[in-house]
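Positions are given from 1 along the sequence.
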Amino acid sequence: MPRTPASAKDVAELAGVSRAAVSRCFTPGASIAPETRAKILKAADQLGYRVNRLASGLIRNESGMVALISAEIGTPYRAQLLAELTAALQRAGKLALVINTDRSHASVEEALLQAISYRTDAAIFLSGMPARSLAETCQRNGMRLVLINRDGDHPGALLVRLADADAGRQAVAMLRAAGCRRLALASSCANTPSLLERERGFREAADETGIDWVQHRVGATSYETGLELGMSLLTAKDRPDGIFCTTDLMACGLMDAARWRLGLRIPDDLSVIGFDDIPQAGWEGYALTSFRQPIAEIAAESVTWLLSEPAQDSMEELRLRPRLQLRSSVKRGFDPGAGPD
């Protein structure tokens, strides 16, 4: 038969103290005599007793849990961000509850309802967007919301965004300075706010310069989509010699199509820039120039905000800058500081 976990009452009886003394012993900052503490800790160790943090938190109307709602958790960028967030939450004494979704609104809303049912203190959205009415229900129940690379207007929430459009504009400047004469914008059909902003920045900069350029968008945000984009763009009559991929994962697929299927040399025949700076971007087989997402900063700022005193009803916005990581997938000869400030 399963053994019943040791209780505070069991510890009190073994130590020969009151139940209240056991409670004070495990309450940070509570006053208790050193000899009494020592007896209680010895008894707790003998019994294998651990404080039920969930039960004590619920008494204070806090579970100590934060839901991380995300799709595509196996992709390199999402895996990195989840790792940073869970580590930051653990350092803050919080427990992360990861809920895996697809990109549909129904899946995201079901995830949020699941988070509510577990009485989580907060939800951090890495994918999708909750309906405003559901978000308001969360906030009325004291649940805080963080939206990372999302869009929308949710009063009382924190919106963490990057200067994505600036990266798209800088990509154009870099490729032009590298001597590229025909550019391409390679993206997926995911239509996330961050991807759309990168596309917008690229289009605006390319149109302003008057350089010849094309855009191609297909499929999901994946390596396989990158292969498809590479074959489509690089077998065209007027193939581009400079490409900005809105994610590194697609850039890796595109580069493999260029080299191993079409025999093109990078960067001699084709310059490629990605976004995210996933670990694979730094592998010798890719050496991909990319815009690095400040993942550690995103996680730290999100958790710091969750631990702060709730603000008023207005939504707070934190905008961070991606950092350019130069490697050898772009011809040399450009100014790394080129592009908008």
Side-chain angles (χ1 to χ4, degrees), residues 76-77 162-187 195 197-216 223 226-227 229-236 238-295 320-341:
Y77 162 66
L162 298 183
D164 291 292
D166 287 353
R169 285 188 280 267
Q170 190 173 359
V172 172
M174 291 169 59
L175 292 171
R176 290 186 66 231
C180 298
R181 297 186 176 183
R182 180 172 169 80
L183 306 186
L185 173 60
S187 192
L195 295 187
E197 279 294 285
R198 292 166 207 168
E199 294 175 16
R200 180 177 68 83
F202 184 98
R203 286 196 307 269
E204 290 176 353
D207 287 341
E208 287 168 6
T209 62
I211 194 169
D212 189 21
W213 71 280
V214 294
Q215 177 176 353
H216 199 16
Y223 173 86
L227 287 172
L229 286 164
M231 293 304 296
S232 177
L233 286 166
L234 299 174
T235 57
D238 296 321
R239 68 172 178 83
D241 57 358
I243 299 179
F244 173 50
C245 294
T246 54
T247 72
D248 285 352
L249 204 53
M250 291 188 293
C252 290
L254 185 144
M255 291 174 73
D256 283 345
R259 292 179 301 185
W260 310 123
R261 296 185 180 183
L262 301 174
L264 298 176
R265 298 168 301 165
I266 297 173
D268 298 309
D269 302 318
L270 174 68
S271 289
V272 181
I273 299 173
F275 194 106
D276 287 333
D277 196 33
I278 60 177
Q280 290 83 348
W283 291 359
E284 289 188 12
Y286 293 109
L288 174 64
T289 290
S290 179
F291 292 94
R292 176 181 298 171
Q293 295 226 32
I295 290 177
L320 304 174
R321 294 191 64 84
R323 298 158 191 162
L324 180 63
Q325 180 64 51
L326 295 171
R327 296 191 181 92
S328 59
S329 65
V330 178
K331 287 182 183 177
R332 294 300 180 182
F334 62 85
D335 176 7
D341 296 331

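One N or O on the side chain of Asp248 and one on the backbone of Asp277 form a donor-acceptor pair closer than 3.5 Å. Arg182 places no side-chain N or O within donor-acceptor distance of the main-chain N or O of Asp212, the cut-off being under 3.5 Å. Under the 3.5 Å distance criterion, the side-chain polar atoms of Thr289 are matched with a main-chain donor or acceptor of Arg327.
For the atom pair CG (Leu162) and CG (Asp166), the distance works out to 10.5 Å, reported to the nearest 0.5 Å. Taking CD1 from Ile266 and NZ from Lys331, the interatomic distance works out to 12.0 Å, rounded to the nearest 0.5 Å. Summarising the geometry, atom OG1 belonging to Thr246 is positioned 9.0 Å from atom CD belonging to Gln215; distances are rounded to the nearest 0.5 Å. Considering CZ of Arg169 and CD of Glu208, their distance stands at 7.5 Å, rounded to 0.5 Å. The CG atom of Leu183 sits 14.5 Å away from atom CZ of Arg203, with the distance rounded to the nearest 0.5 Å. One finds the OG atom of Ser328 at 9.5 Å from the CD atom of Glu284 (value rounded to the nearest 0.5 Å).
For Arg200, the side chain to side chain donor-acceptor pair (under 3.5 Å) test picks out Glu197, Glu204, with sequence neighbours left out. The side-chain contact (heavy atoms from CB on, under 4.5 Å) search around Pro76 returns Leu249, Ile278, Pro279, Gln280, not counting sequence neighbours. Scored by the side-chain contact (heavy atoms from CB on, under 4.5 Å) test, Ala186 finds Leu229, Leu233, Ile243, Cys245, Leu254 as partners (sequence neighbours excluded). Take Asp276 and apply the salt bridge (Lys or Arg N to Asp or Glu O under 4.0 Å) test, not counting sequence neighbours, and it matches no residue. Take Ser232 and apply the side chain to side chain donor-acceptor pair (under 3.5 Å) test, not counting sequence neighbours, and it matches His216.
Minimum heavy-atom separation, Ser329 to Val272: OG-O, 2.6 Å. Scanning both residues, Arg239 and Asp269, for their nearest heavy atoms gives NH1-O, 3.6 Å. Closest non-hydrogen pair, Ala171 versus Ile273, comes out as O-CD1, 3.9 Å. Residues Ala258 and Leu234 share a closest heavy-atom pair of CB-CD1, 3.5 Å. The two residues Pro322 and Phe275 come nearest to each other via the heavy atoms CB-CZ, 3.9 Å. Across Gly230 and Leu262, no two heavy atoms sit closer than the pair O-CD1, 4.3 Å.
Sorted by first and then second residue, the side chain to side chain donor-acceptor pair (under 3.5 Å) pairs with a member in residues 254-263 read Tyr223-Asp256, Asp256-Arg259, Asp256-Trp260, Asp256-Tyr286; sequence neighbours excluded.
Using cut-offs of 30° and 60° on the angle between ring planes, the pair Trp213 and Phe202 is perpendicular.
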If you apply the rule side chain to side chain contact (heavy atoms under 4.5 Å, CB included), what do you find for Glu199 with Asp164, and how did you get there? CA-CA 9 Å; Glu199 294 175 16; Asp164 291 292; over 6 Å; no
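Under 3.5 Å, the side chains of Ser290 and Gln325 contain no donor-acceptor pair of N or O atoms.
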